[in-house]
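Throughout, protein chains are lettered first and strands after them, A, B, ... in sequence-line order, and every chain is numbered starting at 1.
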Amino acid sequence: MSIEILTLLFFGSLLFFLILGLPLAFVLGGVSVVFLYFTWGFDSFYMVASQIWGTMGSFTLVAIPLFVFMAMILERTGVANDLYRMMYMWWGGVRGGLAIGTLFICAIFAAMCGISGAAVVAMGTIALPSMLERGYDKNMALGCINTGGGWGILIPPSILMILYALITGVSVGQMFAAGVLPGILLMVLTIAYIIIRCYFQPHLAPALPIEERASWPEKFRALRAVILPILIVVMVLGSIIGGLTTPTEAAAVGVLGSLISALVYRKFSWALINDAAIRTFKLTGMIMWILFAAHAFSAAYQSMGAQQLIEGFVQMIPGGPWGIILSMMLITFLLAMVLDPVGIMLITLPVFMPIVESLGFDPIWFGILFVINMEIGYMTPPFGFNLFYLKGVVPPSITMKDIYMSIIPFVIVEIIGLALIMIFPQIATYLPELFF
Amino acid sequence: MHALTAFMNGVTRLNNFIGRWVAWLVAVMFVLLLLEVGFRYLLNAPTVWTNELTQMLFGVYAILSGGYILAHRGHVNVDLLYSHFGRRTQAGLDIVTSIVFFIFTLALLYFGIDMAQESIGNLETTYSAWNPPIWPIKATIPLGAGLLVLQGLVKLLQDIAIAFNLSYYNPDAGQSAGDPL
Amino acid sequence: PAVAQESFTWKVQSHWPGSSSSYEDSLVRLKNILEERTDGRLKLTLYESGALFKPQETFNAVSRGILEMGTISPAYAQDKISLAGIASGLPFAFRNVWEAAYFHQNLGFEQMLRDEAAEHGVYWATDKVYPTEMVVKNPINSWEDFTRLKIRSSGTLQKFLTEAGAAASYIPGGELYTALDSGVVDGAHWGAAQGASSMGLYEVAKYHVQPGLNIAGTDAIIVSQKALDKLPEDMQLIVKQALDEQFWVRTNEYLYKERITLAKAIAEDGVQINTLPDDVQERLVKTAQSMWDEEGKRSENAQKALDMLKSYLTDLGYL
Ligand code: NA
Ligand code: NA
């Protein structure tokens, strides 16, 4: 059977069983096993177990439960709530102020952490209830957390960039430097979108009525709420930049910070820690089982000849160098809807990179475009880790459909950012050229 | 019917028991990583074992979570269409799709046992500088898969009861479900 | 003649990422040569590191016949191959690459490896022998400089560096650059010059330490015996001969590329070669030799290989 037909059947059955409501991890795993049986035989199921074993041994993933644990403790101690109360006092007069504040916190998270997801969980736990309580529109709140949560792989440090550098042979330092301005650009664009949208539709993110706004003394008193969060950020970022810890170890420093906060707030108790640990376990385990199956799924797809399919596609592309770049973006965008980023990188980059370089494009610049595409992939349905993280923490009243719908404008904003970086490559290449 | 109910409750209790303890591994990982930072930075004496032990515990933590999370309905699904159906239709659909669930989990169980047996047979170690035995960690793959298969059976029995209005399981009594995630 | 026309496609799982020079120079080279010499009857489909199986799992997959071919580091097969520890390099044993090559091919170590692998249904062929060398942020000019070091290491060398008195810790490849950059560690080894260059380590660590920590057959090509047996005899011969040739071609070519890469790093990144002072080298050799005996305890075979190695090194005047 040709790889084209296999691809249709493979992803067709994925979508079919997803729609029928079987949890994602089991759809990915089950469909992989069935297709492996027909394309490679019974013995190849060993690959599924082996992929799971490999994923269990991935040290950088340890940051996930730790950052989630930190967020859960912060939420239960009331630190998070105070932070949002403070933000509302100061930003209450601005429509969409809390959403903008949330995006800032996401950017800080992104600088602390090399993976996506931690920020989604933290903000889904902390920011979402705060925004909903204050009358924010569901889609606005969900969408901004989804999009901000993805910046972790664009703003350095970034595990995905290191992987890109490993596969393509570009410099890690240059990739990191290249991610900074595009990260800021996306933040500015997203904030601009929120301000403009809320200017015309104030009900989406209402400002505090003037008579309810806090007085200046109240505002300054509320500032105390930022001391502990800032302390945690300084501890985590400081330990990475100061050469004290690797980004993964820094997650443990974050937990330490949250425990200190719990003591300061006099909320520390074994019941609180136990509760935070249980919630962390459920969330991390849910993501890990998806990851287990997703790795098996992309390995199965690769064994069927995914790379030959991409090679075939690329040869058919008309339209000169820019036509090729745009088609590559489209291919990664589509793949990112249904596959995990690591799998996409392994399938596409070996085919793309020689072409990109032979056309005279800067591989660093292409890498940034690629990473932004992966970031978009984190929030495009049906398969996107940010979506699943968020689903794991939201109240039951919010459905997967709500989460799917919420991302549409934010994906468009990211695509605009992507287009700007394509048109003005300097946004990505300026800093690396300055520093290296 | 009594035996069925007892089986279902037993499995769920087992997964709950294991889950509540395994959840605490996050605290252990936290302590280990901080220890390593302390050893390396304050004493200039990084250990050979903390990071590796953390990684091993993380693997156990992740693989043993499957059954517990299923008991608490914590595995994320896409509810676009699904949420519009009534409870009996949902149960019926779940019975059908459970084939895919069992294909995956049983394949994992079978090859997990295979993998673990080989590892236990060699008393496999990691051959790192620390070189601890790795076979107990590999053995958690079939254990985790087994717990998931068992909880999947419970879920299947529940769905059959709901779909066909059988008396051995009463979904409203909450006897086998945990608190929602 | 009907059988001779039958064609075969092998899945080949690499342990090198695509950007590693060895992916192109070793694997793609082998693929082209085999396709050419068999008139296209044997095709290889190459998979980058981790695509189907993680490096640590590739030996098992080849042994079970799920994969027809793969590449590994001997260290990944230590639970099966008792000689793997010696194959992946005893610290400070050989001083020149040709010595290691002679040990493998002329003294029979390669055949010993092949015999052990055969017990697991695997045909073993060392891809090349080459040195493993460190890069550090600050030069090592004294024993104190060495013991102050925090080094990213792994496996036997981590144990060696720790016993020698440095602080060696394991950091996964994905975090190595960041860790070296921020100073979590002050040194690391990732292959030698080409490895360090591919990981971008010269951007953040400017001293390339020589001599190497070891010289060894750190890359191996493994073929499933089951898959090999399915080929007609002429093709089996082609595969085996191509693998034998590969060792010499790659060992020599790799040395050449090491020098080119290092020269480029010196010219473009301002890298300097840091030759370890004699007293540091002597103390390292002493620690190393006390560790070798551990490897001999793995099995009778390992003891035999170790004895052979020691008498060889004595002949060379090193012991
Ligand atoms: Na980041
Ligand atoms: Na997606």
Side-chain angles (χ1 to χ4, degrees), chain A residues 17-27 29-34 45-46 48-50 52-53 55-59 61-62 65-66 69 239 244-245 248-249 251-253 255-256 273-274 277-278 280-286 288-290 292-293 381-382 388 391-392 396 399-401 404, chain B residues 19-20 22-27 29-34 36-37 41 51 54-56 58-66 68-70 72 74-83 85 90 93-94 96-105 107-108 110-112 114-115 137-138 141 180-181:
Chain A
F17 286 105
L18 276 183
I19 289 292
L20 290 187
L22 182 65
L24 199 90
F26 310 137
V27 177
V31 169
S32 311
V33 169
V34 171
F45 296 176
Y46 179 75
V48 176
S50 155
I52 287 176
W53 174 242
T55 313
M56 283 168 72
S58 173
F59 184 71
L61 292 176
V62 176
L66 291 172
F69 195 40
S239 64
L244 198 62
T245 66
T248 304
E249 291 166 342
V253 177
V255 175
L256 181 67
I273 303 297
N274 187 47
I278 294 276
T280 305
F281 183 53
K282 284 178 182 168
L283 201 63
T284 311
M286 178 267 283
M288 283 305 295
W289 272 88
I290 294 177
F292 286 153
F388 310 142
K391 185 69 172 64
T399 64
M400 202 62 175
K401 190 179 164 194
Y404 280 173
Chain B
R20 272 201 302 273
V22 174
W24 275 90
L25 285 182
V26 71
M29 291 188 265
F30 156 69
V31 171
L32 285 173
L33 284 179
L34 270 195
E36 172 67 7
V37 174
Y41 194 73
N51 278 2
T54 309
Q55 184 174 321
M56 290 160 81
F58 175 70
V60 173
Y61 181 78
I63 198 80
L64 291 185
S65 69
Y68 177 80
I69 294 173
L70 187 60
H72 291 260
H75 288 288
V76 166
N77 70 345
V78 173
D79 52 14
L80 287 184
L81 207 62
Y82 190 77
S83 57
F85 297 128
Q90 285 183 350
L93 273 179
D94 288 351
V96 174
T97 56
S98 71
I99 297 169
V100 176
F101 169 88
F102 284 113
I103 286 175
F104 171 51
T105 49
L108 185 56
Y110 181 89
F111 279 92
D114 197 9
M115 211 173 183
I137 312 295
K138 262 194 184 160
I141 298 180
L181 189 85

Shorter than 4.5 Å, heavy atoms on both sides: which option in [options] has the most such pairs with chain B?
{"options": "F26(A), Y404(A), Y46(A), F17(A)", "value": "F26(A)"}
{"options": "P381(A), S50(A), G57(A), S239(A)", "value": "G57(A)"}
{"options": "V253(A), N274(A), V33(A), V48(A)", "value": "N274(A)"}
{"options": "W53(A), F292(A), F45(A)", "value": "W53(A)"}
{"options": "T55(A), V34(A), I19(A), T248(A)", "value": "I19(A)"}

How far apart are the closest heavy atoms of [X] and [Y], and which atoms are they?
{"X": "M400(A)", "Y": "V78(B)", "value": "CG-CA, 4.2 Å"}
{"X": "A49(A)", "Y": "L108(B)", "value": "CA-CD1, 3.9 Å"}
{"X": "T280(A)", "Y": "P65(A)", "value": "CG2-O, 3.2 Å"}
{"X": "G29(A)", "Y": "A293(A)", "value": "N-CB, 3.6 Å"}

Report the option among [options] that has the most heavy-atom pairs separated by less than 4.5 Å from atoms of chain A.
{"options": "I103(B), V31(B), L80(B)", "value": "L80(B)"}
{"options": "L34(B), L70(B), D114(B)", "value": "L34(B)"}
{"options": "V100(B), V22(B), L33(B)", "value": "V100(B)"}

Problem set entry | ring pair (Phe, Tyr, Trp, His ring centres under 6.0 Å) between Y68(B) and F281(A), intermediate numbers included | CA-CA 9 Å; Y68(B) 177 80; F281(A) 183 53; 5.5 Å; yes
Problem set entry | Inter-residue atom distance H75(B).NE2 - I290(A).CD1, 0.5 Å rounding |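 Between H75(B) NE2 and I290(A) CD1, I get 9.0 Å after rounding to 0.5 Å.
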Problem set entry | Non-hydrogen side-chain atoms of Y82(B) and L22(A) separated by less than 4.5 Å |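 Answer no - side chains too far apart.
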Problem set entry | Note, F101(B) side chain near V27(A) side chain (heavy atom, < 4.5 Å) |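 No, side chains not in contact.
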[X], part contacting chain A, at a heavy-atom distance under 4.5 Å:
{"X": "Y61(B)", "result": "both"}
{"X": "L93(B)", "result": "side chain"}
{"X": "F102(B)", "result": "neither"}
{"X": "Q90(B)", "result": "neither"}

Exercise. By side-chain contact (heavy atoms from CB on, under 4.5 Å), which residues pair with V60(B), not counting sequence neighbours?
Worked result: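 For V60(B), the residues satisfying side-chain contact (heavy atoms from CB on, under 4.5 Å) (neighbours in sequence not counted) are L25(B), L64(B), I137(B), T140(B).
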Heavy-atom contact with chain B under 4.5 Å, split by part of [X]:
{"X": "M56(A)", "answer": "both"}
{"X": "I52(A)", "answer": "side chain"}
{"X": "W289(A)", "answer": "side chain"}
{"X": "T399(A)", "answer": "both"}
{"X": "S32(A)", "answer": "neither"}

Exercise. Yes or no on side-chain contact (heavy atoms from CB on, under 4.5 Å) for N51(B) and E249(A), after CA distance, side-chain angles and deciding distance?
Worked result: CA-CA 9 Å; N51(B) 278 2; E249(A) 291 166 342; 4.0 Å; yes
For this session: Would you please name every residue forming a ring-ring contact (aromatic ring centres under 6.0 Å, His included) with F388(A), sequence neighbours left out?
Result: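 Expected list: F383(A).
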